[in-house]
Peer 1: 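One structure follows; several queries about it will come next.
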Amino acid sequence: MDTWSDAEDEARQGETCPICKGTGFVHPLLPSGKPDFSKVVACRCIRRESDREHQSRLEQYSNLGSLTRLTFANLFPQGRSGNPDNQKRFEEVYEAAKAFAAEPRGWLVLSGPSGCGKTHLAAAIANERLKHGHPTLFITVPDLLDHLRSAFSPDSEMPYDESLDQVRNAPLLILDDLGVQTGTPWAKEKLDQLLNYRSNNELPTVIVTIAPISELEERIRTRLSNPGLSHTYVVEEKQPSVEYTGGLSLELLKSMTFDNFDWKRVNLLPEQRQNLEQAYRLALEFAKSPDGWLVLQGVNGCGKTHLASAIANYQLQAGKPAFFVVVPDFLDHLRSTFSPDSKVSYDQLFESVKTAPLLVLDDFGEQATTPWAQEKLYQVINYRYNARLATVVTTCCSLDEIESRISSRLVDPRLSLAFNITAPDYRSDLRSNRRNRRGSKRRQD
């Protein structure tokens, strides 16, 4: 029989097959090398076409879409982080992902911040399995839940039960973006059913989450951290950052540093300039070694928020975390967590503020003095007081105007240093300078 090489097959697609002469079928060979005319089998060109159709169906089933471009071949084995520790960590995860793609067993859990490469790793696993003809389903958790909801519609192409079974029984399931879905009771129930089924049946699963495993719900966390089933990897450690909750813009807060703090304001009286310099040096010393509490008092615009922001940004530059809170806006955010649409739970936000290694409470005393607001702030202050956690407080109020059970902690000399900034609003300097420039211009005219 004639032969038709793979190279010729690629070059001659669309031409008549020289082996079967376009019939699609051939006679197999006998041991003697002669055709066995008693049997007919599909020609290789037909089998190749069938393989292409099969591959096309696999790609459609995979739901990868444009992610078919994400492979191990175009993934840096050490990731893109400039941090040597993260590079070493990524290299380990890279090898683990390749091993899983070669032989999927149990669960592979990848966590890390946005942009660290965890979705690329998961998609590379899927594409590697597809390349070898193995079915794989890739889907984000929010899209999965939306898909299941839509299955209840009379116009749905696939009934709900069939849709759920397709995901539950996928030979290899890759769930991306676990933890960003809305936490409705229905969503939690469906996700729990899916993970429980695949856990009980030990079906190969890859799970990608931006949230640390420790912050996920207990039932999910238990399955993902099961050493008998899951291999968990942190793709990249999140770099310490300043968390901002409040009305000031992020860029404005980032721009407030010790380098651009002007304690030599020309319109100040000598004693005011000396006072402002002292506040600057106290804040700088606190930033270098946050210990205890620093309370900065003064009128709006005296520089206390700038100094508090500079402390937080100094810590960021040193690679240490800080939490900056504008108190009235923090309370608004806290109230909003009770909404069913909130992406952050009340406990999560409240605990992150209460337990932050360094907390800046800006505009303390400007909040509405409802019993609820007073109680929440007291809980934060009292916890941090008892735990001796580093805290910076800025306020326009005198300590007499602050609730006594809070003010008594703010002035405790064993923990806190309260400093009153006597400089006036710096904006009055700007207005004065503008008036002087206009007066000078009129005299010149």
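Numbers for residues simply follow the sequence, beginning at 1.
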Peer 1: Side chains of D176 and T119 only: does a donor on one sit below 3.5 Å from an acceptor on the other?
Peer 2: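 The criterion, which ignores hydrogens and geometry beyond distance, is satisfied for T119 and D176.
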Peer 1: So, H306 side chain and T257 main chain: donor-acceptor pair closer than 3.5 Å or not?
Peer 2: yes
Peer 1: Which heavy-atom pair separates L64 from A126 by the least distance, and what is that distance?
Peer 2: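 Closest pair (atom of L64, atom of A126, distance): CD1-CB, 3.8 Å.
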Peer 1: Taking the side chain as every heavy atom from C-beta outward, state whether F419 and L307 have any atom pair closer than 4.5 Å.
Peer 2: no
Peer 1: Pairs in or reaching into residues 58-79: which pass ring-ring contact (aromatic ring centres under 6.0 Å, His included), with residues at least two apart or in two chains?
Peer 2: F72-Y94
Peer 1: V235 and S111: side chain to side chain contact (heavy atoms under 4.5 Å, CB included), yes or no, with the steps?
Peer 2: CA-CA 6 Å; V235 179; S111 69; over 6 Å; no
Peer 1: A quick test of your reading: do over 12 heavy atoms of other residues, nucleotides or ligands sit less than 6.0 Å from CD of E351?
Peer 2: yes
Peer 1: Here's one to test your reading of the geometry: is the NZ or CZ of K376 within 45 degrees of the ring axis of F350 and under 6.0 Å from its centre?
Peer 2: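 Because its charged atom sits under 6.0 Å from the ring centre and within 45° of the axis, K376 does stack over F350.
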Peer 1: So, taking the atom named CZ in R129 and the one named NE2 in H134, what distance separates them when rounded to the nearest 0.5 Å?
Peer 2: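 Those atoms lie 4.0 Å apart.
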Peer 1: Quick one: salt bridge (charged side-chain N to carboxylate O under 4.0 Å, His left out) pairs with a partner in residues 111-123, sequence neighbours left out?
Peer 2: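 Found none.
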Peer 1: Among T394, V325, V327, which one satisfies side chain to side chain contact (heavy atoms under 4.5 Å, CB included) with F364?
Peer 2: V327
Peer 1: What distance separates H147 NE2 from I139 CD1, expressed to the nearest 0.5 Å?
Peer 2: 6.5 Å
Peer 1: Look at atom CZ of R105 and say whether more than 12 heavy atoms of other residues, nucleotides or ligands are closer to it than 6.0 Å.
Peer 2: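 Counting neighbours around CZ of R105, 12 or fewer heavy atoms of other residues, nucleotides or ligands fall under 6.0 Å, so no.
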Peer 1: So how far is it from L164 CG to L194 CG, rounded to the nearest 0.5 Å?
Peer 2: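 The distance works out to 7.0 Å.
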Peer 1: Report yes or no: do Q193 and E189 form a side-chain donor-acceptor pair below 3.5 Å?
Peer 2: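 Per modelled atom types, Q193 and E189 side chains form a pair under 3.5 Å.
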Peer 1: Between V208 and A122, what is the shortest heavy-atom contact and its length?
Peer 2: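 Residues V208 and A122, closest heavy atoms: CG2-CB, 3.7 Å.
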Peer 1: Quick one: are D362 and T395 in side-chain contact, heavy atoms under 4.5 Å?
Peer 2: no
Peer 1: Before giving the answer on side chain to side chain contact (heavy atoms under 4.5 Å, CB included), spell out for L178 and I210 the whole-Å C-alpha distance, their side-chain angles and the decisive distance to 0.1 Å.
Peer 2: CA-CA 7 Å; L178 176 70; I210 192 173; over 6 Å; no
Peer 1: Validate the cation-pi geometry between R405 and Y378: distance from NZ or CZ to the six-membered ring centre under 6.0 Å, angle to the ring axis within 45°.
Peer 2: yes
Peer 1: With rounding to the nearest 0.5 Å, note down the distance linking CG in L415 to CG in L294.
Peer 2: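 Reported to 0.5 Å precision, the distance equals 11.0 Å.
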Peer 1: I'd like to check N63 versus L137 (side-chain heavy atoms, cut-off strictly below 4.5 Å). Are they in contact?
Peer 2: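 Counting from C-beta outward, N63 and L137 do come under 4.5 Å.
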Peer 1: Is the side chain of N201 donor-acceptor paired with the backbone N or O of L203 at a distance under 3.5 Å, no angle test?
Peer 2: no
Peer 1: Just so I know, are the side chains of V93 and L121 near enough to count as touching, which here means a heavy-atom distance under 4.5 Å?
Peer 2: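 Yes. Closest side-chain heavy atoms under 4.5 Å.
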Peer 1: Look at the side chain of D192 and the backbone N and O of K188, then say whether any donor-acceptor pair between them is shorter than 3.5 Å.
Peer 2: no
Peer 1: I'd like to know if the side chain of T337 reaches the main chain of L334, judged simply by a donor and an acceptor atom lying under 3.5 Å from each other, with no hydrogens or angles considered.
Peer 2: yes
Peer 1: Checking the side chain of T140 only, and the main-chain atoms of L175 only, is there a donor and an acceptor separated by less than 3.5 Å?
Peer 2: no
Peer 1: Going by distance alone, is a donor N or O of one side chain under 3.5 Å from an acceptor N or O of the other, for R409 and N382?
Peer 2: yes
Peer 1: Any donor-acceptor pair under 3.5 Å linking the side chain of S230 with the backbone of S225?
Peer 2: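 Between the backbone of S225 and the side chain of S230 there is no qualifying donor-acceptor contact (under 3.5 Å).
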Peer 1: Given side chains that start at C-beta, do those of K88 and F90 come closer than 4.5 Å, heavy atoms only?
Peer 2: no
Peer 1: Are there more than 12 heavy atoms of other residues, nucleotides or ligands under 6.0 Å from atom CD of E218?
Peer 2: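 Not more than 12 within 6.0 Å, no.
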Peer 1: Any side-chain heavy-atom pair from D143 and D177 closer than 4.5 angstrom?
Peer 2: no
Peer 1: What I want to check is whether the side chains of N127 and T71 have a donor and an acceptor closer together than 3.5 Å.
Peer 2: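 N127 vs T71: no donor-acceptor pair found between side chains.
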Peer 1: Does any part of the side chain of L359, heavy atoms only, come nearer than 4.5 Å to the side chain of L389, both counted from C-beta?
Peer 2: no
Peer 1: So which atom in Y233 and which in E92 form the shortest heavy-atom distance, rounded to 0.1 Å?
Peer 2: CE2-OE2, 3.9 Å
Peer 1: Evaluate the salt bridge (Lys or Arg N to Asp or Glu O under 4.0 Å) criterion for residues E128 and K131: first the C-alpha distance (whole Å), next the side-chain angles of each, then the deciding distance (0.1 Å), finally the verdict.
Peer 2: CA-CA 5 Å; E128 187 71 12; K131 186 172 72 173; 3.6 Å; yes
Peer 1: Hey, does D291 have a side-chain heavy atom less than 4.5 Å from the side chain of R388?
Peer 2: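 The answer is no; the side chains never approach within 4.5 Å.
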Peer 1: Specify the closest pair of heavy atoms between S407 and I402, including all atoms of both residues, with the distance to one decimal.
Peer 2: OG-O, 3.7 Å
Peer 1: Just by distance, with hydrogens left out, do R89 and N86 show a side-chain donor and acceptor under 3.5 Å apart?
Peer 2: yes
Peer 1: For the pair Q315 (side chain) and A287 (backbone), establish whether a donor and an acceptor sit closer than 3.5 Å, ignoring hydrogens and angles.
Peer 2: yes
Peer 1: Say you draw a straight line from CG of L195 to NZ of K190; how long is it, rounded to the nearest 0.5 Å?
Peer 2: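 So the gap between those two atoms works out to 12.5 Å.
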Peer 1: Let me see the working for R223 and N196 under side chain to side chain donor-acceptor pair (under 3.5 Å), right down to the final yes or no.
Peer 2: CA-CA 8 Å; R223 293 185 179 89; N196 188 56; 3.0 Å; yes
Peer 1: Does the side chain to side chain donor-acceptor pair (under 3.5 Å) test come out yes or no for R198 and T205, once each step is laid out?
Peer 2: CA-CA 8 Å; R198 295 190 68 85; T205 308; 2.8 Å; yes
Peer 1: May I ask you to check whether R384 and T391 show a side-chain donor-acceptor distance below 3.5 Å?
Peer 2: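 Side chains of R384 and T391: pair found under 3.5 Å.
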Peer 1: Do you know the tightest heavy-atom contact between P171 and P135?
Peer 2: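 P171 and P135 have their closest heavy atoms at CG-CG, 3.6 Å.
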Peer 1: Would you check if the side chain of S289 reaches a backbone N or O of F286 as a donor-acceptor pair within less than 3.5 Å?
Peer 2: no
Peer 1: When rounded to the nearest 0.5 angstrom, what is the spacing between CG in L358 and CD1 in I311?
Peer 2: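 One gets 7.5 Å once the value is rounded to the nearest 0.5 Å.
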Peer 1: Between I207 and L108, is a side chain to side chain contact (heavy atoms under 4.5 Å, CB included) present by the stated rule, with each step listed?
Peer 2: CA-CA 6 Å; I207 295 177; L108 180 68; over 6 Å; no
Peer 1: Could you check L110 against T209 for side chain to side chain contact (heavy atoms under 4.5 Å, CB included), going step by step and ending with a plain yes or no?
Peer 2: CA-CA 6 Å; L110 307 177; T209 173; over 6 Å; no
Peer 1: Can any side-chain N or O of N300 pair as donor or acceptor with the backbone N or O of C396 at less than 3.5 Å?
Peer 2: no
Peer 1: Please give me the minimum heavy-atom distance between T232 and L224, naming the atom from each residue.
Peer 2: OG1-O, 3.0 Å
Peer 1: Judged by atom type as modelled, is there a donor-acceptor pair below 3.5 Å linking the side chain of W186 to the main-chain atoms of R149?
Peer 2: no
Peer 1: So Y314 and F258, would you call those rings parallel, tilted or perpendicular, with 30° and 60° as cut-offs?
Peer 2: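 Perpendicular.
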